[in-house]
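Notes follow the structure.
Letters go in sequence order (proteins before strands), and every chain restarts at 1. Side-chain atoms are counted along with the backbone in the values below, which use heavy atoms only and exclude waters and symmetry mates.
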Protein chains: 2
Amino acid sequence: MIKKDTIPPVCALDYAFRRIGGKHKARILWYIFKQDNVMRYGELKKRIQNITSKMLTQTLRELEEDGLLNRKVYAQVPPKVEYSLTTTGMELIPFIDHIGAWGRKQMEKESQ
Amino acid sequence: MIKKDTIPPVCALDYAFRRIGGKHKARILWYIFKQDNVMRYGELKKRIQNITSKMLTQTLRELEEDGLLNRKVYAQVPPKVEYSLTTTGMELIPFIDHIGAWGRKQMEKESQ
DNA sequence: CGGTATCCAAGAAGATACTG
DNA sequence: CAGTATCTTCTTGGATACCG
């Protein structure tokens, strides 16, 4: 993702990209959304494939701190943790959809 | 920005964010767009402020290679180079606009 | 004016091992 | 199951100096 919060964002765009510009952030939001807005840690791990536990946990924590994800822990053994989008996170879905469509179009162009 | 192209993107979202997820990329596209879609190197340098020549040049080159920017060199001394969005770059503007608006909203929330 | 070149620091991400 | 901890590597970005 982009950058520590030691330095304040220079503008709203900068701010926004720090929040969702990480390597997997947009995809995580998207996957959860598509899965009826609930996904467990292990499901995400399988879905993203090749991501390490460390990176996944770290990314999820950042999204949570930024108010884009809810984290619900069930007090049971073995543990169960569910992630879902907050209202704020939901507001990003149309843009993620849009940019994904753009990316798809470009990829098709390239492959010609 | 995010990542070398040694490893192919895992999906369209990944692809897209590699292209515009860089530290200054979205802002550069936005500034040029707002300035009637033409900006000179020096103007960008002043506008972005604190960016080094190296980073600015590098970022502009990447945007050019990705087909988002046109680079027009005038054969004169002293040199003059103008950057403008391509059609593909233009297609990103609505998205950048929306995500900027989202960022603005979040920043306002935070400051309360 | 619009860059390059070189070197170095900071930050992001990966490998591996381990745990309540 | 859902993480932590630690160490290492890779990639990005910055400082500085210089050029056609």
Among D:dG3, C:dG3, C:dA5, which is the nearest nucleotide to the side chain of A:Thr57? D:dG3
Measure up the B:Phe95 and A:Phe95 rings against each other and bin them: parallel (under 30°), tilted (30 to 60°), perpendicular (over 60°). perpendicular
Tell me the side chain to side chain donor-acceptor pair (under 3.5 Å) pairs involving residues 93-108 of chain B, sequence neighbours left out? A:Glu91-B:Lys105
Of the candidate nucleotides D:dG13, D:dT6, D:dT4, which contains the atom at the shortest distance from the side chain of A:Lys54? D:dT6
Quick one: is B:Arg18 getting a side-chain N or O under 4.0 Å of the D:dT12 phosphate, OP1 or OP2? no
For the pair made of CE in A:Met55 and C1' in D:dT6, what is the distance, rounded to whole Å? 16 Å
Can you measure B:Lys23 atom NZ to D:dT12 atom P for me and round it to whole angstrom units? 13 Å
Separation of B:Gln58 atom CD from C:dT6 atom P, in whole Å? 15 Å
N/O donor-acceptor pair under 3.5 Å between B:Glu43 side chain and B:Arg40 backbone: yes
Using heavy atoms and a sub-4.0 Å distance, could you list which residues of residues 33-51 of chain B are near DNA chain C? By number, please. B:Arg40, B:Tyr41, B:Gly42
Taking atom P of C:dA13 as reference, at what distance in whole Å does atom CZ of A:Arg27 sit? 12 Å
Establish whether B:Met90 and B:Trp30 are linked, either directly or via other cluster members, by ILVMFWY side-chain heavy-atom contacts under 4.5 Å. yes
When the C1' atoms of the five terminal pairs at each end define the local axes, what inter-axis angle does the helix from C:dC1-D:dG20 to C:dG20-D:dC1 show, to 10 degrees? 60°
Would you indicate whether A:Lys46, at its atom NZ, is surrounded by more than 12 heavy atoms from other residues, nucleotides or ligands within a distance under 6.0 Å? no
B:Tyr83 OH to C:dC1 P, in whole Å, measures 15 Å
Starting at CD1 of A:Ile28 and ending at C1' of C:dA13, how long is that distance when rounded to a whole Å? 13 Å
Pairing residues for A:Val10 by the side-chain contact (heavy atoms from CB on, under 4.5 Å) criterion, not counting sequence neighbours: A:Asp14, B:Arg27
B:Arg19 with B:Glu62: basic N within carboxylate O range, under 4.0 Å: no
Can you list everything that forms a side-chain contact (heavy atoms from CB on, under 4.5 Å) with A:Gln76? Sequence neighbours excluded, please. A:Tyr74, A:Lys80
Where along residues 68-82 of chain A does a heavy atom come under 4.0 Å from DNA chain C, residue by residue in number order? A:Pro79
What is the distance from CG of A:Leu60 to P of D:dC1, rounded to the nearest Å? 17 Å
Verify, without hydrogens or angle tests, whether B:Thr86 (side chain) and B:Leu68 (backbone) share a donor-acceptor contact under 3.5 angstrom. yes
Donor on one side chain, acceptor on other, B:Glu110 and A:Tyr15, under 3.5 Å: yes
Identify the two heavy atoms, one from A:Gly67 and one from A:Thr88, that lie closest to each other, and give their separation to 0.1 Å. O-CB, 3.6 Å
